[in-house]
Amino acid sequence: MQALAAAAFAAGLLGGVHCAGMCGGIVAALSLQARGPLLGRQLAFNGGRIASYVAAGIAVGAAGGLALMADAVFAMQTAMFALANVFMMLLGLYVAGWGRSILALETAGARLWRLVHPIAQSLLPVDSTAKAFAAGLAWGWVPCGLVYSMLVLAFASGSAAGGALVMLAFGLGTLPNLLAAGIAAQRLLALRRLPWLRRAAGALIVVLGVVGLARLPGLREAVLAGWHCIA
(Lines give C-alpha, C1' and ligand atoms only; values in the text may rest on other atoms or scores of the structure.)
Protein backbone atom coordinates (compact mmCIF):
# COMPACT_ATOMS: atom_id res chain seq x y z
CA MET A 1 0.00 0.00 0.00
CA GLN A 2 2.86 2.37 0.84
CA ALA A 3 4.44 1.59 -2.53
CA LEU A 4 1.18 2.37 -4.34
CA ALA A 5 0.75 5.65 -2.49
CA ALA A 6 4.38 6.62 -3.15
CA ALA A 7 3.98 5.81 -6.85
CA ALA A 8 0.77 7.87 -7.01
CA PHE A 9 2.45 10.83 -5.31
CA ALA A 10 5.43 10.64 -7.68
CA ALA A 11 3.11 10.37 -10.70
CA GLY A 12 1.19 13.43 -9.53
CA LEU A 13 4.39 15.40 -9.00
CA LEU A 14 5.98 14.37 -12.30
CA GLY A 15 2.70 14.62 -14.18
CA GLY A 16 2.42 18.23 -13.04
CA VAL A 17 3.89 19.23 -16.38
CA HIS A 18 0.71 17.85 -17.95
CA CYS A 19 -1.44 19.43 -15.24
CA ALA A 20 0.10 22.84 -15.92
CA GLY A 21 -0.93 22.54 -19.54
CA MET A 22 -4.41 21.09 -18.99
CA CYS A 23 -5.60 22.77 -15.79
CA GLY A 24 -3.32 25.80 -15.59
CA GLY A 25 -5.86 27.89 -17.46
CA ILE A 26 -8.58 26.90 -14.99
CA VAL A 27 -6.65 27.95 -11.90
CA ALA A 28 -5.37 31.07 -13.67
CA ALA A 29 -8.96 32.07 -14.45
CA LEU A 30 -9.82 31.42 -10.81
CA SER A 31 -7.10 33.87 -9.78
CA LEU A 32 -8.41 36.54 -12.14
CA GLN A 33 -12.11 36.14 -11.43
CA ALA A 34 -12.14 35.60 -7.68
CA ARG A 35 -11.82 38.20 -4.95
CA GLY A 36 -10.01 38.01 -1.62
CA PRO A 37 -6.71 36.37 -0.57
CA LEU A 38 -5.21 34.60 -3.59
CA LEU A 39 -3.49 31.76 -1.70
CA GLY A 40 -6.61 31.01 0.34
CA ARG A 41 -8.71 30.70 -2.82
CA GLN A 42 -6.16 28.44 -4.47
CA LEU A 43 -5.93 26.19 -1.41
CA ALA A 44 -9.72 25.97 -1.20
CA PHE A 45 -10.03 25.15 -4.90
CA ASN A 46 -7.34 22.46 -4.77
CA GLY A 47 -8.78 21.11 -1.52
CA GLY A 48 -12.10 20.58 -3.28
CA ARG A 49 -10.36 19.00 -6.28
CA ILE A 50 -8.45 16.55 -4.08
CA ALA A 51 -11.61 15.75 -2.11
CA SER A 52 -13.25 14.65 -5.36
CA TYR A 53 -10.24 12.46 -6.14
CA VAL A 54 -10.48 10.85 -2.69
CA ALA A 55 -14.21 10.21 -3.13
CA ALA A 56 -13.56 8.52 -6.47
CA GLY A 57 -10.71 6.55 -4.87
CA ILE A 58 -13.01 5.27 -2.14
CA ALA A 59 -15.51 4.04 -4.74
CA VAL A 60 -13.05 2.25 -7.02
CA GLY A 61 -11.01 0.93 -4.08
CA ALA A 62 -14.16 -0.63 -2.64
CA ALA A 63 -14.86 -2.16 -6.06
CA GLY A 64 -11.36 -3.59 -6.07
CA GLY A 65 -12.03 -5.09 -2.65
CA LEU A 66 -15.08 -6.87 -4.02
CA ALA A 67 -12.94 -8.27 -6.83
CA LEU A 68 -10.52 -9.68 -4.26
CA MET A 69 -13.32 -11.67 -2.65
CA ALA A 70 -12.91 -14.21 -5.46
CA ASP A 71 -11.35 -17.58 -4.63
CA ALA A 72 -7.98 -16.96 -6.31
CA VAL A 73 -7.11 -13.90 -4.21
CA PHE A 74 -3.36 -13.92 -4.88
CA ALA A 75 -3.77 -14.37 -8.63
CA MET A 76 -6.40 -11.60 -8.75
CA GLN A 77 -4.25 -9.23 -6.69
CA THR A 78 -1.21 -9.90 -8.88
CA ALA A 79 -3.27 -9.22 -12.00
CA MET A 80 -4.63 -5.98 -10.52
CA PHE A 81 -1.17 -4.71 -9.59
CA ALA A 82 0.18 -5.70 -13.00
CA LEU A 83 -2.65 -3.80 -14.71
CA ALA A 84 -2.02 -0.75 -12.51
CA ASN A 85 1.66 -0.64 -13.43
CA VAL A 86 0.91 -1.10 -17.13
CA PHE A 87 -1.34 1.96 -16.90
CA MET A 88 1.46 3.78 -15.10
CA MET A 89 3.73 3.07 -18.08
CA LEU A 90 1.05 4.21 -20.56
CA LEU A 91 0.63 7.36 -18.49
CA GLY A 92 4.36 8.05 -18.70
CA LEU A 93 4.29 7.65 -22.47
CA TYR A 94 1.38 10.08 -22.65
CA VAL A 95 3.03 12.72 -20.47
CA ALA A 96 6.20 12.43 -22.56
CA GLY A 97 4.21 12.84 -25.77
CA TRP A 98 5.11 9.36 -27.06
CA GLY A 99 1.63 7.84 -26.99
CA ARG A 100 -2.03 8.76 -26.57
CA SER A 101 -3.66 5.42 -25.75
CA ILE A 102 -4.38 6.58 -22.19
CA LEU A 103 -6.80 9.16 -23.61
CA ALA A 104 -9.27 6.35 -24.31
CA LEU A 105 -10.07 6.46 -20.59
CA GLU A 106 -11.31 10.03 -20.92
CA THR A 107 -14.19 8.90 -23.14
CA ALA A 108 -15.69 7.06 -20.17
CA GLY A 109 -15.66 10.23 -18.06
CA ALA A 110 -16.99 12.56 -20.75
CA ARG A 111 -20.64 11.72 -19.99
CA LEU A 112 -20.20 12.39 -16.28
CA TRP A 113 -18.47 15.69 -17.03
CA ARG A 114 -21.38 16.81 -19.20
CA LEU A 115 -23.53 16.53 -16.08
CA VAL A 116 -21.05 18.28 -13.79
CA HIS A 117 -19.94 21.05 -16.18
CA PRO A 118 -23.07 23.23 -15.80
CA ILE A 119 -22.56 23.13 -12.01
CA ALA A 120 -18.93 24.21 -12.42
CA GLN A 121 -19.94 27.03 -14.75
CA SER A 122 -22.62 28.26 -12.33
CA LEU A 123 -19.96 28.81 -9.66
CA LEU A 124 -18.16 31.44 -11.76
CA PRO A 125 -17.13 34.06 -10.87
CA VAL A 126 -15.70 32.59 -7.69
CA ASP A 127 -16.12 35.37 -5.14
CA SER A 128 -15.70 33.45 -1.88
CA THR A 129 -13.58 30.71 -0.37
CA ALA A 130 -16.64 28.45 -0.10
CA LYS A 131 -17.35 28.84 -3.83
CA ALA A 132 -13.68 28.15 -4.58
CA PHE A 133 -13.93 24.85 -2.68
CA ALA A 134 -17.20 23.97 -4.47
CA ALA A 135 -15.59 24.80 -7.82
CA GLY A 136 -12.72 22.49 -6.94
CA LEU A 137 -15.17 19.70 -6.12
CA ALA A 138 -16.70 20.12 -9.57
CA TRP A 139 -13.44 20.49 -11.52
CA GLY A 140 -12.14 17.33 -9.85
CA TRP A 141 -14.36 15.40 -12.27
CA VAL A 142 -12.84 16.88 -15.45
CA PRO A 143 -12.06 13.94 -17.80
CA CYS A 144 -8.32 13.40 -17.46
CA GLY A 145 -6.24 10.38 -18.44
CA LEU A 146 -3.79 11.20 -15.66
CA VAL A 147 -6.50 10.98 -13.00
CA TYR A 148 -8.11 7.89 -14.49
CA SER A 149 -4.83 5.99 -14.63
CA MET A 150 -4.40 6.74 -10.92
CA LEU A 151 -7.88 5.34 -10.31
CA VAL A 152 -6.58 2.05 -11.71
CA LEU A 153 -3.95 2.15 -8.94
CA ALA A 154 -6.72 2.90 -6.42
CA PHE A 155 -8.67 -0.11 -7.72
CA ALA A 156 -5.57 -2.29 -7.29
CA SER A 157 -5.32 -1.22 -3.64
CA GLY A 158 -8.26 -3.53 -2.97
CA SER A 159 -10.02 -1.43 -0.30
CA ALA A 160 -11.91 1.83 0.12
CA ALA A 161 -9.27 3.10 2.56
CA GLY A 162 -6.47 2.10 0.21
CA GLY A 163 -8.18 3.80 -2.74
CA ALA A 164 -8.62 6.96 -0.70
CA LEU A 165 -4.94 6.91 0.32
CA VAL A 166 -3.75 6.44 -3.28
CA MET A 167 -5.86 9.31 -4.61
CA LEU A 168 -4.96 11.56 -1.68
CA ALA A 169 -1.27 10.93 -2.36
CA PHE A 170 -1.79 11.63 -6.06
CA GLY A 171 -3.70 14.85 -5.33
CA LEU A 172 -0.99 16.07 -2.97
CA GLY A 173 1.59 15.31 -5.65
CA THR A 174 -0.23 17.56 -8.12
CA LEU A 175 -0.66 20.34 -5.56
CA PRO A 176 2.71 22.17 -5.94
CA ASN A 177 2.34 22.52 -9.70
CA LEU A 178 -1.27 23.68 -9.65
CA LEU A 179 -0.69 26.11 -6.79
CA ALA A 180 2.17 27.56 -8.79
CA ALA A 181 -0.04 27.64 -11.88
CA GLY A 182 -2.62 29.68 -10.01
CA ILE A 183 -0.14 32.13 -8.52
CA ALA A 184 2.26 32.47 -11.45
CA ALA A 185 0.14 31.09 -14.29
CA GLN A 186 1.85 32.55 -17.33
CA ARG A 187 5.33 31.47 -16.32
CA LEU A 188 4.29 27.94 -15.43
CA LEU A 189 2.20 27.49 -18.57
CA ALA A 190 5.39 28.11 -20.53
CA LEU A 191 6.48 24.63 -19.36
CA ARG A 192 4.29 23.23 -22.11
CA ARG A 193 6.81 24.63 -24.58
CA LEU A 194 9.69 22.65 -23.06
CA PRO A 195 9.47 19.21 -24.75
CA TRP A 196 12.55 17.89 -22.95
CA LEU A 197 10.90 18.48 -19.57
CA ARG A 198 7.75 16.58 -20.56
CA ARG A 199 9.84 13.73 -21.94
CA ALA A 200 11.99 13.51 -18.82
CA ALA A 201 8.94 13.49 -16.53
CA GLY A 202 7.17 10.92 -18.72
CA ALA A 203 10.23 8.67 -18.83
CA LEU A 204 10.44 8.70 -15.02
CA ILE A 205 6.77 7.70 -14.75
CA VAL A 206 7.41 4.82 -17.18
CA VAL A 207 10.30 3.73 -14.95
CA LEU A 208 7.93 3.73 -11.95
CA GLY A 209 5.65 1.36 -13.83
CA VAL A 210 8.52 -0.93 -14.87
CA VAL A 211 9.82 -1.06 -11.29
CA GLY A 212 6.31 -1.83 -10.04
CA LEU A 213 6.00 -4.74 -12.45
CA ALA A 214 9.45 -6.03 -11.50
CA ARG A 215 8.41 -6.12 -7.83
CA LEU A 216 5.53 -8.52 -8.45
CA PRO A 217 6.89 -11.93 -7.37
CA GLY A 218 4.24 -13.98 -9.13
CA LEU A 219 4.70 -12.10 -12.38
CA ARG A 220 8.48 -12.26 -12.15
CA GLU A 221 8.40 -16.02 -11.64
CA ALA A 222 6.04 -16.44 -14.59
CA VAL A 223 8.34 -14.37 -16.83
CA LEU A 224 11.41 -16.33 -15.71
CA ALA A 225 9.62 -19.63 -16.32
CA GLY A 226 8.66 -18.47 -19.80
CA TRP A 227 12.22 -17.36 -20.48
CA HIS A 228 13.58 -20.76 -19.45
CA CYS A 229 11.09 -22.46 -21.75
CA ILE A 230 12.22 -20.29 -24.66
CA ALA A 231 15.89 -20.81 -23.83
Side-chain angles (χ1 to χ4, degrees), residues 1-28 30 39 42-54 56-57 60-61 81 84-99 102-103 105-106 136 139-140 142-157 162-185 187-215:
M1 185 58 61
Q2 290 86 347
L4 275 182
F9 179 83
L13 194 61
L14 294 169
V17 177
H18 166 72
C19 293
M22 181 173 181
C23 299
I26 297 172
V27 292
L30 177 69
L39 182 58
Q42 294 294 336
L43 287 173
F45 176 82
N46 283 288
R49 179 178 61 84
I50 294 172
S52 289
Y53 294 167
V54 171
V60 299
F81 277 106
N85 284 288
V86 167
F87 271 88
M88 181 78 79
M89 295 162 64
L90 293 175
L91 170 62
L93 294 174
Y94 169 59
V95 170
W98 296 329
I102 202 75
L103 292 180
L105 290 174
E106 295 184 5
W139 283 111
V142 170
C144 174
L146 181 64
V147 174
Y148 295 161
S149 60
M150 290 300 100
L151 286 175
V152 177
L153 285 184
F155 180 81
S157 72
L165 178 62
V166 167
M167 295 308 293
L168 175 62
F170 166 70
L172 292 176
T174 64
L175 188 58
N177 291 286
L178 286 180
L179 278 178
I183 296 171
R187 292 183 180 180
L188 192 63
L189 289 177
L191 290 176
R192 287 184 298 177
R193 297 188 288 272
L194 298 176
W196 66 267
L197 188 58
R198 291 182 63 96
R199 290 169 186 162
L204 287 173
I205 296 175
V206 171
V207 169
L208 286 174
V210 171
V211 171
L213 284 175
R215 293 183 60 194

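In this structure, CD1 on Ile50 lies 10.5 Å from CZ on Phe45, to the nearest 0.5 angstrom.
Among all heavy-atom pairs drawn from Gly140 and Ser52, the shortest one is CA-CB, 4.0 Å. In terms of heavy atoms, Ser157 sits closest to Gly162 at OG-C, 3.2 Å. Contact record, Met150 with Phe170: CG-CD1, 3.3 Å, taken as the closest heavy-atom pair. Val166 and Ala5 make their closest contact through CG2-N, 4.4 Å (heavy atoms, listed as atom of the first residue, atom of the second, distance). Scanning both residues, Val60 and Phe155, for their nearest heavy atoms gives O-CD1, 3.4 Å.
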Derivation of the side-chain contact (heavy atoms from CB on, under 4.5 Å) call for Leu13 and Phe9
CA-CA 6 Å; Leu13 194 61; Phe9 179 83; 4.2 Å; yes

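Residues passing the side-chain contact (heavy atoms from CB on, under 4.5 Å) test with Val152 are Leu83, Ala84, Phe87, sequence neighbours excluded.
Side-chain contact between Arg49 and Thr174 is present, with heavy atoms from C-beta onward closer than 4.5 Å.
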